[in-house]
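Once you've had a glance at the structure underneath, I'll fire off some questions.
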Amino acid sequence: MLHLSPEHALAGLDASALSQAIHARQFSCRELMQATLARVAQVNPLHVAIVSLASEEALLAQADQCDAELALGRSRGWLHGLPFAAKDTGHALGFPRTEGSPLLRESMPAHDSIHVERVKAAGAIVIGKTNMSEFGLGSHSYNRLFGTTRNAWDPALSAGGSSGGAAVALALRLLPLADGSDFMGSLRNPAGWNHVFGMRPSFGRVPAWPKPELWLHQLSTDGPMARSVRDLARLLGTQAGYDPRVPLSLGDAPGSSFAPGLDANVQGVRVGWLGDLGGHLAMEPGILGVCEQALASMAGGGAMVAPARLDLDLDAVWQAWLVWRSALVAPTVAAVLHLPDALAQIKPEALWEYERGQGLQIADLHQASRVRSQLYARVLALFERFDVLALPSAQAWPFDAGITWPREIAGRTMDTYHRWMEVTLYATLAGLPAISVPAGFDASGRLPMGLQLIGRPRGDAALLAVAAGYERLVPELLARRPPGC
């Protein structure tokens, strides 16, 4: 039996339990911060999940202020005094926003991102940032500024990405909650590979600001990560809500609840299993089987699981994705090309996206948008028969952390650095909410995999309810912890 120190046990509680205990004065915000920093000091040097950590003195002073306010009967919100770290794509005052690039190591924001602002307003103390892949490109969180984030279950392996630091910090109990952003599975893949929950909300649900461009960039969205669906829903409720600074943000009132009821279940839920899209997706052995076991658990709880098909030219969808991706990524890379020694300090995959972007015409983007619209129409038709659609959260098991990306999957050559994550682009292009739930482990019992559940347009709350119903069916699976936890 693993015997945990009191500090370790305290840091291991989920956010809702911590919130209740803090407000009941069962322990102090200072004690929680001390436990968190002790855990970070113990684990983070190997796993590199949290970067740009604030000083202990400054963080303890903030915790003491939170304690003083509670002593006077004042609470900032449900996150009062809880430690939090924002993904390094986000703006958090007092911390550099590097996006994993040495070129941006001194880039200090003038404002908080809206989702960071809201988390702080709910009482959280930002202790640092979470590590990511350079410019958020690729589902492997390595960069030349901070190093490689290593998988919570095996530090020799990749944590996924680009929100790898967030997922590992959660899995290893460095944080009770985390945020991330998702363009091509960046919340879903690392959640699956570290046995936690990650949600890509509907586009516009979590307003993104400050941004240099507010109208075209419709594929990336910020969202929550957590170790329970309840925490996931509560964090989404904190992040979400209309803001006039973001013209495409959805009209929810800030603080709207997405929390599933205590009686959430999957009875009667119709699940469409897309699998490997009829063999279109290269998939490493064992992944489909693990996901099908998770679906069998749902069926055991009363869900109706049936095969589903995307009757569409999937090669055309991939080509449309390449156009959208490069068109949106190229300006990000262009914005730093003027900096000294930029070409030598930008990874090849980012330069490839930039170069592709230079050759695109408006007609290319328009045609890609037409294909995207066809995909949306086809997915919408599937929701006439199904309540949720299901896919694996990745096409490969966690791979060696020393490689940049897998060049081959199941005997098929990967022709781009992100082809092995093609499985995640369908929810992205359709603007749909998607959750990665822990599905299980490989035959060795040590490599986690996630199952994507994709919901109806703007059906975030209903999707969270399905995830909560699944969560209730697999308590033993979800109770598993990484080594040392």
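Count residues from 1 along the sequence. All values below come from the heavy atoms of this structure, side chains included, with hydrogens, waters and symmetry mates left out.
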With R480 as the cation and F441 as the aromatic partner, state whether NZ or CZ is under 6.0 Å from the six-membered ring centre and within 45° of the axis.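 Pair R480/F441 counts as cation-pi.
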Could you state the interatomic distance from SG (C29) to CG (D67), rounded to the nearest 0.5 Å?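 Here the interatomic distance stands at 4.0 Å.
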Q345 backbone acceptor or donor facing R144 side chain under 3.5 Å: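 Yes, R144 side chain to Q345 backbone: donor-acceptor pair under 3.5 Å.
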Looking at the rings of W420 and F399, which for Trp means the six-membered one, are their centres under 6.0 Å apart?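 Yes; F399 has its ring centre under 6.0 Å from that of W420.
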Hey, does the side chain of R446 reach the backbone of W153 with a donor-acceptor pair shorter than 3.5 angstrom?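 No; judged by distance alone, with no hydrogens or angles, the pair does not exist.
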State which residue, out of R419, E284, E422, fulfils the side-chain contact (heavy atoms from CB on, under 4.5 Å) condition with Q395.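 Considering R419, E284, E422, a side-chain contact (heavy atoms from CB on, under 4.5 Å) with Q395 is found only for E422.
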Answer with yes or no whether the side chains of D231 and S16 bring together a donor and an acceptor at under 3.5 Å.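 Indeed, the side chains of S16 and D231 share at least one donor-acceptor pair under 3.5 Å.
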Pick out which of L175, T36, L177 makes a side-chain contact (heavy atoms from CB on, under 4.5 Å) with F84.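 The side-chain contact (heavy atoms from CB on, under 4.5 Å) with F84 is passed solely by L177 among L175, T36, L177.
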Decide yes or no for L464 and L236: does some side-chain heavy atom of the first lie under 4.5 Å from some side-chain heavy atom of the second?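 Heavy-atom side-chain distance check passes, below 4.5 Å.
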List the steps and the verdict of side chain to side chain contact (heavy atoms under 4.5 Å, CB included) for K129 and F146. CA-CA 11 Å; K129 307 296 284 291; F146 298 116; over 6 Å; no
Cation over ring, R325 on F183, under 6.0 Å and within 45°?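 So R325 does make the cation-pi contact.
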Judged by modelled atom types alone, do R118 and Q239 share a side-chain donor-acceptor pair under 3.5 Å?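 R118 vs Q239: no donor-acceptor pair found between side chains.
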According to the ring pair (Phe, Tyr, Trp, His ring centres under 6.0 Å) rule, which pairs have a member within residues 97-135, sequence neighbours left out?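 Sorted pair list: H111-W209.
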Donor-acceptor check, side chain of H47 to backbone of R150, threshold 3.5 angstrom: yes or no?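 Yes; judged by distance alone, with no hydrogens or angles, the pair exists.
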Testing the basics here: between L477 and G440, what is the closest heavy-atom pair and its distance to 0.1 Å?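 The answer is CD1-CA, 3.8 Å.
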How far does CH2 of W397 sit from OG of S444, to the nearest 0.5 angstrom?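 It is 8.0 Å, given to the nearest 0.5 Å.
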What pair of heavy atoms forms the shortest contact from L82 to A15, and how long is it?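 Minimum heavy-atom separation between L82 and A15: CD2-O, 3.7 Å.
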Is it true that a side-chain atom of S113 and a backbone atom of V116 form a donor plus acceptor pair closer than 3.5 Å?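 Checked: no pair found.
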Rounded to the nearest 0.5 Å, how far does CG of D154 lie from CG of N151?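 The CG atom of N151 sits 6.5 Å away from the CG atom of D154.
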How long is the straight-line distance from OG of S228 back to CZ of F197, given to the nearest 0.5 Å?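 OG of S228 is found 7.5 Å from CZ of F197.
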Would you indicate whether the side-chain heavy atoms of I125 and C66 approach each other to under 4.5 Å?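 Yes - at least one pair of side-chain heavy atoms lies under 4.5 Å apart.
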Within-4.5 Å side-chain heavy-atom neighbours: L32 and P83: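 Result yes, sub-4.5 Å side-chain heavy-atom pair found.
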Do T89 and R97 pass the side chain to side chain donor-acceptor pair (under 3.5 Å) test, and can you show the C-alpha distance, the side-chain angles, and the key distance before you say yes or no? CA-CA 6 Å; T89 48; R97 177 182 181 268; over 6 Å; no
Backbone N or O of P176 within a donor-acceptor pair of the D14 side chain at under 3.5 Å?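 Such a contact is absent between D14 side chain and P176 backbone.
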When rounded to the nearest 0.5 angstrom, what distance separates CD1 in I454 from OG1 in T424?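 The distance works out to 9.5 Å.
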Quick one: ring-ring contact (aromatic ring centres under 6.0 Å, His included) partners of H91, sequence neighbours excluded?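 With sequence neighbours excluded, H91 shows a ring-ring contact (aromatic ring centres under 6.0 Å, His included) to no residue whatsoever.
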Modelled atom types, side-chain donor and acceptor of E349 and W405, under 3.5 Å: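 There is such a pair between these side chains.
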Looking at D400, is its backbone amide N or carbonyl O close enough to the side chain of S158 to form a donor-acceptor pair, meaning the two atoms are under 3.5 Å apart?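 No, because the side chain of S158 does not come within donor-acceptor range (under 3.5 Å) of the backbone of D400.
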Do the side chains of R30 and D64 get close enough for a salt bridge, i.e. N-O under 4.0 angstrom?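 D64 and R30: salt-bridged.
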Return yes if a side-chain donor-acceptor contact under 3.5 Å exists between K87 and S163, otherwise no.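 The answer is yes; a qualifying pair exists.
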Checking T221 side chain against P201 main chain: does a donor-acceptor pair fall under 3.5 Å?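 Between the backbone of P201 and the side chain of T221 there is no qualifying donor-acceptor contact (under 3.5 Å).
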Would you check if P392 and Q452 make a side-chain contact, meaning some heavy-atom pair closer than 4.5 Å?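 No, their side chains stay 4.5 Å or more apart.
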Taking atom CG of L72 as the centre, does the number of heavy atoms from other residues, nucleotides or ligands within less than 6.0 Å exceed 12?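 Buried by this count: over 12 neighbours within 6.0 Å.
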Cationic N near anionic O, under 4.0 Å, K120 to E117: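 No.
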May I have all residue pairs that pass side-chain hydrogen bond (donor to acceptor under 3.5 Å, both in side chains) and include part of residues 69-78, sequence neighbours excluded?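 For residues 69-78, and leaving out neighbouring residues, the side-chain hydrogen bond (donor to acceptor under 3.5 Å, both in side chains) pairs sorted by first residue read H23-S75, Q65-E69, E69-R76, W78-T238.
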Counting N and O atoms only, with roles assigned by atom type, does the side chain of S249 sit under 3.5 Å from a partner on the main chain of D243, one being a donor and the other an acceptor?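 Yes: the side chain of S249 pairs with the backbone of D243.
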OH on Y242 to CD1 on I114, rounded to 0.5 Å: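 It is 10.0 Å, given to the nearest 0.5 Å.
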Min side-chain heavy-atom separation D112-F95 under 4.5 Å: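 A side-chain contact is absent here, since even the closest heavy-atom pair is not under 4.5 Å.
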Quick one: does any side-chain atom of D252 pair with a main-chain N or O of G241 as donor and acceptor, under 3.5 Å?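 No.
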Surrounding CD of Q26 (heavy atoms of other residues, nucleotides or ligands, distance under 6.0 Å), is the total greater than 12?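 Atom CD in Q26 is packed in, count exceeds 12.
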Indicate whether the side chain of R188 and that of T428 have a donor and an acceptor atom separated by less than 3.5 Å.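 Yes - a donor-acceptor pair under 3.5 Å links their side chains.
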Looking only at heavy atoms, which two atoms of P109 and A92 are closest? And how far apart?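 What the structure gives for the nearest pair is CG-O, 3.5 Å.
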Shortest non-hydrogen separation from A169 to I50 and the atoms involved: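 Between these two residues, the closest heavy atoms are CB-CG1, 4.3 Å.
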Verify whether one side chain among D460 and S202 offers a donor that lies under 3.5 Å from an acceptor in the other.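 A donor-acceptor contact under 3.5 Å links the two side chains.
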Do the side-chain N and O atoms of N131 and D88 include a donor-acceptor pair separated by under 3.5 angstrom?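 N131 vs D88: no donor-acceptor pair found between side chains.
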Mind running side chain to side chain contact (heavy atoms under 4.5 Å, CB included) on V466 and I435 for me, showing each step along the way? CA-CA 10 Å; V466 173; I435 290 177; over 6 Å; no
Does a donor on one side chain sit under 3.5 Å from an acceptor on the other, for R356 and S326?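 Indeed, the side chains of R356 and S326 share at least one donor-acceptor pair under 3.5 Å.
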Report, as yes or no, whether the 6.0 Å neighbourhood of atom CD on E213 holds more than 12 heavy atoms from other residues, nucleotides or ligands.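 Above 12, so yes.
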Do you know which two heavy atoms are closest between V168 and A159, and how far apart they sit?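 Looking at all heavy atoms of both residues, the shortest contact is CG2-CB, 3.4 Å.
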Could you check whether any side-chain N or O of S139 sits under 3.5 Å from a backbone N or O of G161, counting only pairs where one atom can act as donor and the other as acceptor?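 Confirmed, S139 side chain pairs with G161 backbone.
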Distance-only donor-acceptor check, side chains S162 and S186, under 3.5 Å: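 Distance-only check passes for S162 and S186.
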What are the two closest heavy atoms between W215 and Q218, and how far apart are they?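 Shortest heavy-atom separation between W215 and Q218 comes out as O-NE2, 3.2 Å.
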Run the side chain to side chain contact (heavy atoms under 4.5 Å, CB included) check on K211 and V246 step by step: do they pass? CA-CA 9 Å; K211 296 279 187 181; V246 183; over 6 Å; no
Taking C-beta and beyond as the side chain, do D222 and D182 meet within less than 4.5 Å on heavy atoms?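 No, too far: nothing below the 4.5 Å cut-off.
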Take L174 and N44, measure what side chain to side chain contact (heavy atoms under 4.5 Å, CB included) needs, and give me the verdict at the end. CA-CA 8 Å; L174 308 185; N44 201 57; 3.9 Å; yes
Hey, are R481 and E476 close enough for a salt bridge, meaning a charged N less than 4.0 Å from a carboxylate O?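 Not counted as a salt bridge, because no side-chain N and carboxylate O are separated by less than 4.0 Å.
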Donor on one side chain, acceptor on other, Y417 and E353, under 3.5 Å: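 Yes, side-chain donor-acceptor contact under 3.5 Å.
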